[in-house]
There are 2 protein chains.
Amino acid sequence: MAAPLPNTQQAMRRRNLSLVLHAVAAHGPLSRASVAARVGLTRAAVSTLVDELIRDGLLVELGPSRPGTVGRPGSALQLNERGPAGIGAEIGVDHLAVCAVDLGGRVRARTEVASANRDRTVGPALARLAELVRQVAAEAVREGLRPAGLAVAVPGLVARDSSLVVRAPNLGWEGVDVGPALRAALPGLPLTVDNEANLGALAELWRGGHDPAPRDFVHVSAEIGIGAAVVLDGRLLRGTHGFAGELGHVPVRPEGPACACGGRGCLEQYAGEEAVLRASGLSPEQAAAQHPGPGGRIALLAERAADGDRRVRRALDGAGEALGIALAGAVNLLDPRTVVLGGALTPLAPWLLPALERELALRVADPARSGQGAVTVSRLGSDGPLLGAAHSVVQAVLDDPAGLREAAAVTGSGA
Amino acid sequence: MAAPLPNTQQAMRRRNLSLVLHAVAAHGPLSRASVAARVGLTRAAVSTLVDELIRDGLLVELGPSRPGTVGRPGSALQLNERGPAGIGAEIGVDHLAVCAVDLGGRVRARTEVASANRDRTVGPALARLAELVRQVAAEAVREGLRPAGLAVAVPGLVARDSSLVVRAPNLGWEGVDVGPALRAALPGLPLTVDNEANLGALAELWRGGHDPAPRDFVHVSAEIGIGAAVVLDGRLLRGTHGFAGELGHVPVRPEGPACACGGRGCLEQYAGEEAVLRASGLSPEQAAAQHPGPGGRIALLAERAADGDRRVRRALDGAGEALGIALAGAVNLLDPRTVVLGGALTPLAPWLLPALERELALRVADPARSGQGAVTVSRLGSDGPLLGAAHSVVQAVLDDPAGLREAAAVTGSGA
DNA sequence: CTAATTTGTAAAGCGCCCTGACGAAATAGG
DNA sequence: CCTATTTCGTCAGGGCGCTTTACAAATTAG
């Protein structure tokens, strides 16, 4: 049990800096006075906090805002669009992607390349990724941004508070620590590594476009396996070892087909990409031939389903049913506000949802949740994890703006 | 989104008071200097905090501690055993219980009476409960304690941050707000109402006797239905509506027998008390005849199982298997450190565990959790919810000692 | 044009913690 | 036995951060 932060005046100041920054981030351009009203401090206190944030390049003053109401108009404050940037990266089965996001959440640079990472040696893949990160970071610098950190999304289990990829079946990685190679290739750039579904959930939380943003939800994501992330009270649930969210191995039919995990009848056996393809009578090779490139198999399924292919429709209906059963358990256990379908599931949602919602409605005991609006589909689609990664860096800056200055002092200010 | 507390110096002071109090509570008698080292403040700061806590009657000074080491011996601080007390109450199917707990966590007064609350009108039951609370509170006062609040454990769904019992099937209650009657009968005593499994989990968290106390676990409890509570990062997960933990309606076999909740094959259909009795070839009447009083049905099952009754053994094995399947889903989803069996399940644990652990080992994907120590049995047994209720009041005092003084100022100091 | 309202800043004050120093109370060693 | 050392608790001084109070600036209402 680490000391729960030494409640000192400095810590208070840091929290208040973050509070002001978050207020501006969440509620558009704001005057000092309205920030003060929002966070519960006085105008004088907010003034000094804002001064500090402006000096550190996190806020900018837009000049006097247009009048409209009685009284002296305030001077609008906005997040600096030429300040720190979060770099997000994604290692997919068949692609690599990197993007840079500014404090305001806008994507300011982006690259994506096809790259068959499955069963490939790790070294070259990471070298390639570092190369892309350098490109994107350079472009961000040209736009006046300072890269403040890198977060990498991986489709697999990542040990908590580490860069160790314990298992990523889709990549064929097992016990790979991606930290050393990336840190060596990208000196001075703080690194975090996280599960793809987790970062997708964070993207949903911050930029899902829901209003108000749901602070308690289960985010289901899928590439080949099925991952989920649980957000409760606005915080991501990571679990003791960082492995929370393994929805793919929740038992759906305990006597069902054997699963690679050692169990029987796991969700993955009914709603995993491979299982759905098999039930549809399609082979992976066929899919690769007809829809090459990232997301080809999913695209094929969506196309066939849209064309009215009965076998595919039936397969997706079965997958939706299985998802509904597994999620019914999760909903009964966690009482979230909604279930969000994201990642690769987005394009298939129209054919998954009916059965999914039917099962959920049938099996959820909670009387208050009767039906309405229980399941939503992400608007971010397959971009979720990448955006979430970049945003997680931005969020870290918003959560502790003073930490950034300290880091800069250590590394010699970067630029 | 409520203002996230106005980070002022007063708030800091309050948090530091709580920090000091918690340090003393967790680590026995402590000198000012060791408290300071623990919480990360200076000795001088801790001195003033301690002074204030002593003035408020929360801490007492035991006088100079015995030497033993070099240097001036410190003056040991201890929680005041004649300070605030938490009153806990439990409304069971066939009993009412009330207890008082001091700051140190010791039970200082207790009553329990048989009372058939099932399908009885609510008014008389609550009147009786209030009467018992008055008795216990009076006894606590005789011991020098000041009752600081009352928490009531109910076997059913309680709406979040309210005293509304939405549904308690075992009691036959539906949409009953127990707040008005109890508040009217017990003026001046702050009231909270919570689910029995939730409070049992809190008891496990605070007084489970585990070392170190697990901060992430699933606590399974059962009276007639099957409840569970999820503790993550030392905090109880309540869910959007306060209904988290409905393990009883997690699907185990989706095509299984119909359940009262509208679903099919819910855990309750395999591991609920009624289902187990039926599978054992025993009728509730028979059980009531042979083992009257609280917990009679469970006691009968335990007795028969101990005697080697094959049918009962098989029934419990099946229940354990179903529990294992449902919990495998929960463990995959949440990655807790352990699963704790509590409440009425405790006496049956020996016959439930083998199948439960087998299923769990089989179906949990997490490679780090391989087998060892995944399931533990509560040492608190059926006392958990009652103790947890009283402790939740004590915990509230430890979390904000200054709040207590304010409350006293409003109500005119009570005594 | 004046009164009212609101914004942002400055000065004074207060609360809270830290620093540094000191007496008190014990041990260690001669 | 006496002194040096160590640790504890407290006190005075100081720094820091927020609040209070006051005031000039900028706008609307009448």
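What you see below is based on every heavy atom in this structure, not just the backbone, and it leaves out hydrogens, waters and symmetry mates. Every chain is numbered from 1 and lettered A, B, ... according to where its sequence line falls, protein lines coming before strand lines.
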Any donor-acceptor pair under 3.5 Å between the side chain of A:Arg72 and the base of C:dT7?
-> yes
With sequence neighbours left out, the residues meeting side chain to side chain contact (heavy atoms under 4.5 Å, CB included) with A:Gln10 are A:Thr8
Sorted by chain and number, sequence neighbours left out, side chain to side chain contact (heavy atoms under 4.5 Å, CB included) with B:Ala140 holds for B:Ala100, B:Leu145
From CG of B:Asp51 across to C1' of D:dT10 the rounded distance in Å is 10 Å
Report task. Please determine if a side-chain N or O atom of A:Ser47 lies less than 4.0 Å away from the OP1 or OP2 oxygen of C:dT9. Result -> yes
Exercise for the section: Run the salt-bridge test on B:Glu52 and B:Arg13 with the 4.0 Å N-O cut-off and return the result as yes or no. Expected result: yes
Residues at least two apart in sequence or cross-chain that pass salt bridge (Lys or Arg N to Asp or Glu O under 4.0 Å) with B:Glu61, listed by chain then number, are B:Arg32
Of B:Ser75 and B:Gly71, the one whose nearest nucleotide on DNA chain D sits closer to the 5' end is B:Gly71
Residues passing the side chain to side chain contact (heavy atoms under 4.5 Å, CB included) test with B:Ala45, sequence neighbours excluded, are B:Leu41, B:Thr42
So side-chain hydrogen bond (donor to acceptor under 3.5 Å, both in side chains) across residues 388-397 of chain B, not counting sequence neighbours, yields none
Applying side chain to side chain contact (heavy atoms under 4.5 Å, CB included) to A:Val394 and not counting sequence neighbours gives A:Val101, A:Leu103, A:Leu398
Just the table, please: protein N/O against nucleotides 15-19 of chain C N/O, every pair under 3.5 Å.
{"unit_1": "C:dG15", "atom_1": "N2", "unit_2": "A:Gln9", "atom_2": "OE1", "d": "2.9"}
{"unit_1": "C:dG15", "atom_1": "N2", "unit_2": "B:Gln9", "atom_2": "OE1", "d": "2.7"}
{"unit_1": "C:dG15", "atom_1": "N3", "unit_2": "B:Gln9", "atom_2": "OE1", "d": "3.2"}
{"unit_1": "C:dC16", "atom_1": "O2", "unit_2": "A:Gln9", "atom_2": "OE1", "d": "3.4"}
{"unit_1": "C:dC17", "atom_1": "OP1", "unit_2": "B:Asn16", "atom_2": "ND2", "d": "2.7"}
{"unit_1": "C:dC17", "atom_1": "OP2", "unit_2": "B:Arg13", "atom_2": "NH1", "d": "2.5"}
{"unit_1": "C:dC18", "atom_1": "OP2", "unit_2": "B:Thr42", "atom_2": "N", "d": "3.1"}
{"unit_1": "C:dC18", "atom_1": "OP2", "unit_2": "B:Thr42", "atom_2": "OG1", "d": "2.8"}

Applying salt bridge (Lys or Arg N to Asp or Glu O under 4.0 Å) to A:Arg72 and not counting sequence neighbours gives none
Here the distance between atom P of C:dT7 and atom CZ of A:Arg38, to the nearest Å, is 13 Å
Within residues 29-37 of chain B, those residues having any heavy atom closer than 4.0 Å to DNA chain C are none
